[in-house]
Amino acid sequence: MTDTASQPTTDLPPAWEPATVEAELYERWVAAGYFTSDAGGDRPPFCIVLPPPNVTGSLHMGHALDHTLMDALTRRRRMQGYEALWQPGMDHAGIATQNVVEREIAREGLTRHDLGREAFVERVWAWKGEYGGQIQGQMRRFGDSVDWSRDRFTMDEGLSKAVQTIFKRLFDEGLIYRAERIINWCPRCLTALSDIEVEHSEDEGELVSIRYGDGDRSIVVATTRAETMLGDTAVAVHPDDQRYAHLVGTEVELPLTGRMIPIVADEHVDPEFGTGAVKVTPAHDPNDFEIGQRAELPAITIMDERGVITAHGPFEGLDRFEARPAVVAALREQGRIVAEKRPYVHSVGHCSRCDTVVEPRLSLQWFVRVAPLAKAAGDAVRDGRTRIHPPELAKRYFDWVDNMHDWCISRQLWWGHRIPVWYGPNGKVMCVGPDEQPPPADEGWTQDPDVLDTWFSSALWPFSTLGWPERTPHLEKFYPNSVLVTGYDILFFWVVRMMMFGLYAMDGVQPFHEVYLHGLIRDETGKKMSKARGNVINPLDWMDRYGADATRFTLARGANPGSDMALAEDWAAGSRNFGNKLWNATRFALMNGASTARAVPARETLTEADRWILGLTDALVSEVDRLYEEYQFAKLSDALYHYTWDELCDWYLELAKVQLAEGGDRAEATRAVLGHVFDVVLRLLHPLIPFVTERLWTTLTGGESVVVAPWPAASGQPRDPEAERHVVAVQKLVTEIRRFRSDQGVKPGQRVSARLSGVDDAGLSALRPAVASLARLNDPGDDFAASASIEVAVAGGTVTVELDLSGTVDLDAERKRLAKDLAAAEKELAGCDAKLGNPNFTDKAPAPVVAKITARREIAVADIERISARLSAMSNG
RNA sequence: GGGCACAUAGCUCAGCGGAAGAGCACUCGGCUUACACCCGAGCGGUCGCAGGUUCGAUCCCUGCUGUGCCCA
């Protein structure tokens, strides 16, 4: 057998240096085609579509989490022999991108109107060409195993065709319609927004009570938006409200305008709020619009698209926020302000893109009639065709789909998919399908100027990226997608819409088998990361300093289903340390000739230590598999961390040192076991930390790449409970000896002569050299003089360790330790006695529980006896 | 206003009916030839408060307090 010292040393440097190696490894994987999907062949499909990041953006920590989890799932399935497709791409982000380019041309003193629509859109494409690529670069640094050959963009020709196809189908079936409605309008972005693009916050405002009419023909209304009174067309009260019953059907004069407006009754007025009478402004409030519809009231728009008052009179030309105090002042002058409350905190909607206060606005827009689509989306989850993880979030999904409002899909933008509807002479309307010719412009036909909500095209993502509306081989193979991974915060934005459109476009087949919703990233104190707070961590910074693997492992370790995760730099450092630990442990194994070239010898020829670690390794494989099926990333990461560090490194490698020192067949067998366990753990870790495992695994095995290595399976060999008991006993014995040494102030490296008895009776004979090595003990020499002794109760018996500390023993320290142990044992005994002395317990508790407590009691009694004897011996001695 | 979570060691979180756990932080001792991004040992919790169910409750139920989120 080759001597360890003459083994060829590995070429691995003493520490893992991610920065220099990761990029090269990644490009090698791409070049090898590992990530490219093949729609042919017999492998079962596995498909994840990447939630398309915004083309204007860069990847933040939330993306890093999302990508880590998707990559882990994809890499594992690939190793398991699935045909894996992780579909990348970006969306065109209508409002955001248009804003960016408008800002850019504003620096040249231009507006989009100066350029004209066509030139502006060209300008956006040019911008996309120049800056839109940074996300791909970031994904390469993360190590994302996406199929770059299928990279897609929502504005691509094929995806645009998908948009036009589904629009036409929905239009023809009456599921898309155009109507004048109150919509959410952003006076800064100058476009309609859907309900979910509005964020509500509790803001300080004012509540002003205004008297309309005079004398006994007057009524007081309260409002937070005094300026809208210029557009009031009624006052509404509850039909059962006796206070106002006599006024219903009469009219009052609307101050400042001289208009007479009716007092109407409406069920939806809350008599408890304010005076119980509300002003009704159908053109500027969604609830008032509803009241207006029921009472057939006119709607008077008093603002332009920028929120500037257009009503004639002294307020014309004022911004809505300037008009508010001006209107109040004018009313006060007339003595019509009955009460004012400032600040008055109430909920105010803001544009999710630019934070401008949203103005409800009456306008002509396109809508999707969602009722039948939402019903199907709900049913797919109710039927279990799509499973939501964690299941608690399914309720939130149902609450949404079962109470969904029609979806406003038109946007007054230029960047996006233009609505494929043409308006002709005599009010004719024509929706044009993807393969149809638009009607001739010279006959007076013009296309609708608006574009579609970005989410409209994103909703097609799970199948438009696969080639739909063509029935491509990829669509056939990879639809439905296996799992969708995203944050719970975009359940409504995106997941619901993909469900609706997927079921509709694909003849009732749901887009996903499973949906996994992860939590949000927060800072170390649990606050949301935001630029305003200045607590944003850029994942690229972490990757620069700690490597992509460490960044990924940190995120995976924090990913408990459905709950948010707090991140701090310390976590990343810890993950970096773990990678380094793995690196050095593997290096150590390699330096000692660990190899996968030879199979692990038959179990009966191995040591108990070998059988113990092999058993733990099998258990680890099963546990990791089970946890992956449940999307328990935090737990599976922790299981891998614990196995690697606390069992493999802290114990098995130390035990292996003893076996390697023996030389001969024992050393050779140990090399095979080392090779096996590192092979397995590296493969298990690869989906989480792909780079370091690739470097180590290829060195260890000589294999081509761990990316395409088979996923580990348990050995099928039975575990050896006796060997495991014995190793656990050795762990306890060694720990107790170390504890004693530490109490006595013996330096960790100093060897101490010791005489052990009871080892054989405890069944630990074979592990005796291991104990000596791990506890730094020397065999007793001729001059051995025990100056201290400890007794350690282990599973098979009690081991007595006599130590020659060749000097004074710190009796005080020992007494303290014994007293502490005694107190613990006495507490334990008292607890057991209390239970066993209670007939209700012994009668009603299950027998195994009673037996367990009885056994614990016996151990406590023995401990007390032993420790007391030791203590009294000390005071007598 | 409606709904849903969560309150466990200094921090971030597991555990969710039968002996309180992890990582980080902290204390002490160590360069024990894989690793100081390390090794060894240790300190630290009436599991938010008050009731209830149970032989037994951090775990189940009720109420309260606090925090967060979603929806109006």
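Just so it is clear: chains get the letters A, B, ... in the order the sequence lines come, proteins before strands, and each one is counted from 1.
Nucleotides B:rC69 and B:rU46 place their P atoms 29 Å apart, quoted to the nearest Å. Comparing the same atom, C1', in B:rU8 and in B:rC13 gives a spacing of 9 Å after rounding to whole Å. The same atom, P, is picked in B:rC38 and in B:rG44; the two are 25 Å apart, to the nearest Å. As rounded to the nearest Å, B:rC26 and B:rU65 have P atoms that lie 39 Å from one another. Going from the C1' atom of B:rC11 to that of B:rA19 covers 27 Å, rounded to whole Å. B:rA72 sits 34 Å from B:rU12 when the C1' atoms are compared, rounded to a whole Å. With C1' as the reference atom, B:rC60 and B:rU53 are 8 Å apart, rounded to whole Å. Nucleotides B:rA25 and B:rA9 have their C1' atoms positioned 11 Å apart, rounded to a whole Å.
Judged by distance alone, the side chains of A:Tyr643 and A:Glu623 never bring a donor and an acceptor atom under 3.5 Å apart.
In this entry B:rG29 has B:rC39 as its Watson-Crick or G-U wobble partner, both defining distances falling under 3.5 Å. Nucleotide B:rA14 forms no Watson-Crick or G-U wobble pair with any nucleotide shown, as no partner meets the under 3.5 Å limit on both distances. Across every strand in view, B:rU46 sits unpaired, with no contact that passes the Watson-Crick or G-U test at under 3.5 angstrom. Base pairing annotation: B:rA7 forms a Watson-Crick or G-U wobble pair with B:rU65, both donor-acceptor distances under 3.5 Å. Judged by Watson-Crick or G-U wobble contacts below 3.5 Å, the nucleotide B:rU53 has no partner.
Between A:Lys395 and A:Asp402 no salt bridge is recorded (no basic side-chain N to carboxylate O distance below 4.0 Å). Using a 4.0 Å cut-off between a side-chain N of Lys or Arg and a carboxylate O of Asp or Glu, A:Arg739 and A:Glu736 qualify as a salt bridge. Looking at A:Glu359 and A:Arg225, a side-chain N of the basic residue comes within less than 4.0 Å of a carboxylate O on the acidic one, giving a salt bridge. A salt bridge does not link A:Arg817 to A:Glu814: none of the charged side-chain nitrogens sits closer than 4.0 Å to a carboxylate oxygen.
With a 6.0 Å cutoff to the six-membered ring centre and a 45° limit on the axis angle, A:Arg181 does not count as a cation-pi contact of A:Phe289.
When heavy atoms are screened at a 4.0 angstrom cut-off, A:Arg741 is found touching no nucleic acid atom at all. Counting non-hydrogen atoms under 4.0 angstrom, A:Tyr641 reaches the backbone sugars and phosphates but no base. Note on A:Arg545: nothing from the nucleic acid sits closer than 4.0 angstrom, heavy atoms only. Residue A:Phe492 is classed as a sugar-phosphate contact, given heavy-atom separations below 4.0 Å to backbone atoms only. The residue A:Arg739 sits close only to the backbone: its heavy atoms come under 4.0 Å of sugar-phosphate atoms, none of a base.
Of the candidates A:Tyr631, A:Tyr516, A:Phe633, A:His389 forms a ring-ring contact (aromatic ring centres under 6.0 Å, His included) with just one, namely A:Tyr631.
Under the 6.0 Å cut-off for aromatic ring centres, A:Tyr397 and A:Tyr488 do not qualify, their centroids lying 6.0 Å or more apart. Between A:His346 and A:Tyr344, the ring center distance clears the sub-6.0 Å criterion.
A sub-4.0 Å separation between OP1 or OP2 of B:rC39 and a side-chain N or O of A:Trp645 is present.
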Per-nucleotide protein contact string for nucleotides 28-34 of chain B (B base, S sugar-phosphate only, - none; heavy atom under 4.0 Å): -BS-B-B
Indicate for each nucleotide in nucleotides 13-19 of chain B, in 5' to 3' sequence, whether protein heavy atoms under 4.0 Å reach the base (B), only the sugar-phosphate (S), or nothing (-). SSS--BB
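Side-chain contact between A:Met499 and A:Val381 is present, with heavy atoms from C-beta onward closer than 4.5 Å. Within the 4.5 Å cutoff, no side-chain heavy atoms of A:Trp16 are placed close to those of A:Arg576. Side chains of A:Phe398 and A:Arg382 form a contact here, defined as non-hydrogen atoms less than 4.5 Å apart.
Contact of A:Arg396 with B:rC4 (side chain to base): no donor-acceptor pair of N or O atoms is detected under 3.5 Å.
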Check nucleotides 44-47 of chain B for protein N or O atoms closer than 3.5 Å to its own N or O atoms and list the pairs.
none

